[in-house]
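These notes concern the structure reproduced below.
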Amino acid sequence: MASGTSAALKFDRPELQPQDSISVVIPAYNEADSLEPLYDELIRVLTETGLPFDIIFVDDGSYDDTHLVLKQIRERDSRVKELRMRRNFGKAAALSEGFKEAKGSVIFTMDADLQDDPSEIPNFLAKLNEGYDLVSGWKFHRLDPIGKTLPSKLFNKVAAMTTGVRLHDFNCGFKVYRREVLEHVSVYGELHRYIPALAFGNGFMVGEIKVNHRPRKFGKSKYGIARFTRGFLDLLTVLFITRYTKKPLHLFGSLGLMLLSAGFLINAYLAVIWLMGESIGRRPLLILGVLLMILGIQSISTGLLGEMIVHVQRKDDTCVASNTERNGQME
Ligand code: UDP
Ligand code: MG
């Protein structure tokens, strides 16, 4: 099974103990019909785990009966919480709010539309117990139209190649995290699908299991083909965040140096022929040389500004695994 396990350090993650607890975060946007059956299935599976749990539904500005159904469930069961977004902010924002509320030491995310099968929860926990910090689902037999599965395949290949996290299904909403992962990774915009890449960038162990995927019974999908174009732009953001946020000068500086030296070489050549008596004032090459030098200096300055920002922020950041004192060891 693929996993982002190329990190040199592997800490022995403690196995889940009875004092551990589970939070399930479920973003829901107009999913009224799916919520009752989802709740029933979840309660059955979560009770079987033997761990204390709570379920946090995040109503992402729904205009159907989502809130009403959730209210009825909440009145019956105090383990169920509901957060209501002021308007539809999107899945990443909904998840992010849910994470703030989640108190469990292990946090699941899943879709509200019954496509994710709660009976996979024990398999996720078993994988987590193998020593992973984050386990992502892989909709192996995906039950969506081909117009969705094909671009998705391409998208996943590119994302896996560029981020180095060898997952097959970045878009799968069914995942489980150890609490500390979410304390180190912030989700905004549409970056929820890259949490594994961001976590991997932070040195966490990322694993994957195949999950059962069911067709959508009620309501309709909220995403069209636009997901993929935006997805690729988000990929750029993630690449930048994971590789260069700690050392912006490496990116902007090397780019700047390249531009600056190209400009310098051009201008040096022009200077030589000018000294030999040729006129260079009307040569387009002169404009190019000057332009490249200015761009180069600008890029280096941007990198230096970035470094200053990183320097100021550095104090609040820790990269030490919190479980090293518990029973960490090196392999
Ligand atoms: N969702 C959300 N806010 C949105 C769009 C979607 O909370 O703006 C939720 C939606 O209710 C579902 C999950 O995110 O629980 C995944 O959405 P969907 O099923 O439409 O995506 P697909 O399965 O088609 O990829
Ligand atoms: Mg769905």
Side-chain angles (χ1 to χ4, degrees), residues 23-42 55-70 73 80-102 107-118 120-121 136-156 159 167-176 187-196 210-232 234:
S23 290
V24 186
V25 176
I26 308 175
Y29 180 43
N30 296 336
E31 309 281 7
D33 295 331
S34 309
L35 296 174
E36 282 283 1
L38 175 65
Y39 165 76
D40 289 340
E41 285 187 40
L42 261 175
I55 305 171
I56 299 150
F57 285 98
V58 188
D59 175 359
D60 187 17
S62 305
Y63 48 83
D64 69 349
D65 286 339
T66 294
H67 171 59
L68 228 77
V69 179
L70 287 177
I73 299 177
V80 177
K81 296 187 189 104
E82 182 197 2
L83 299 177
R84 275 187 99 182
M85 307 291 274
R86 277 193 301 279
R87 63 167 173 82
N88 176 238
F89 279 94
K91 189 171 168 181
L95 282 173
S96 181
E97 289 302 321
F99 290 153
K100 282 188 215 157
E101 195 61 30
I107 298 160
F108 276 92
T109 58
M110 65 189 299
D111 290 354
D113 55 3
L114 289 171
Q115 291 199 266
D116 297 331
D117 183 351
E120 298 284 356
I121 285 181
S136 181
W138 172 13
K139 296 169 284 192
F140 190 61
H141 291 296
R142 194 164 167 191
L143 294 166
D144 277 320
I146 182 116
K148 209 163 172 176
T149 50
L150 218 65
S152 170
K153 268 215 171 91
L154 174 74
F155 172 83
N156 281 308
L167 292 182
H168 292 87
D169 192 358
F170 281 81
N171 284 322
C172 186
F174 205 0
K175 292 187 174 73
V176 65
V187 214
Y188 58 92
E190 284 194 24
L191 292 188
H192 55 280
R193 60 178 73 99
Y194 295 115
I195 300 180
K210 288 179 188 170
V211 292
N212 179 25
H213 189 234
R214 308 184 287 195
R216 206 180 227 283
K217 264 220 265 260
F218 308 106
K220 48 181 195 295
S221 171
K222 312 318 184 274
Y223 295 102
I225 196 85
R227 156 193 298 181
F228 298 103
T229 38
R230 286 200 226 118
F232 278 112
D234 288 340

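It should be emphasised that the depicted structure is a prediction, and the values quoted were computed from it without experimental measurement. Note that ligands are numbered from 1 as they come in the structure, with each ligand's atoms numbered from 1 the same way.
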Shortest protein heavy-atom distance from [atom], along with the residue and atom involved:
{"atom": "atom 25 (O) of ligand 1", "answer": "R227 NH2, 2.7 Å"}
{"atom": "atom 19 (O) of ligand 1", "answer": "D113 OD2, 2.6 Å"}
{"atom": "atom 14 (O) of ligand 1", "answer": "K91 CD, 3.3 Å"}
{"atom": "atom 22 (P) of ligand 1", "answer": "K148 NZ, 3.6 Å"}
{"atom": "atom 1 (N) of ligand 1", "answer": "Y29 CB, 3.8 Å"}
{"atom": "atom 6 (C) of ligand 1", "answer": "K222 CG, 3.4 Å"}

Side chain, backbone, both or neither: which part of [X] has a heavy atom under 4.0 Å from ligand 1?
{"X": "E31", "value": "side chain"}
{"X": "D60", "value": "side chain"}
{"X": "A28", "value": "backbone"}

Is E97 paired with R84 through a side-chain N to carboxylate O contact shorter than 4.0 Å?
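No salt bridge links R84 with E97.
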Polar proximity ligand 1 side, A94 side, N/O cut 3.5 Å exclusive:
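The answer is no, given that A94 and ligand 1 share no N or O pair closer than 3.5 Å.
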Measure the acute angle between the ring planes of F155 and Y194, then classify it against the limits of 30° and 60° as parallel, tilted or perpendicular.
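It falls in the tilted class, 30° to 60°.
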Set out, in order, the CA-CA distance, both residues' side-chain angles and the distance that settles side-chain contact (heavy atoms from CB on, under 4.5 Å) for F99 and I195, then state yes or no.
CA-CA 13 Å; F99 290 153; I195 300 180; 4.1 Å; yes
I'd like to check which ligand 1 atoms, numbered from 1 as shown, lie under 4.0 Å from a non-hydrogen atom of R216.
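Close to R216: 18 (P), 19 (O), 20 (O).
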To the nearest 0.5 Å, how far apart are CG in D59 and NE2 in H67?
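Going from CG on D59 over to NE2 on H67, the span is 7.5 Å.
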Return the set of protein N, O or S atoms whose distance to the Mg ion (ligand 2) is under 2.8 Å, each given as residue and atom.
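Only D113 OD2, Q115 OE1 fall inside 2.8 Å of the Mg ion (ligand 2).
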Selection from I26, D111, N171, N88 by shortest heavy-atom distance to atom 8 (O) of ligand 1
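Shortest heavy-atom distance from atom 8 (O) of ligand 1: N88.
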So, N30 side chain and T66 main chain: donor-acceptor pair closer than 3.5 Å or not?
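Checking the backbone N and O of T66 against the side chain of N30, no donor-acceptor pair under 3.5 Å is found.
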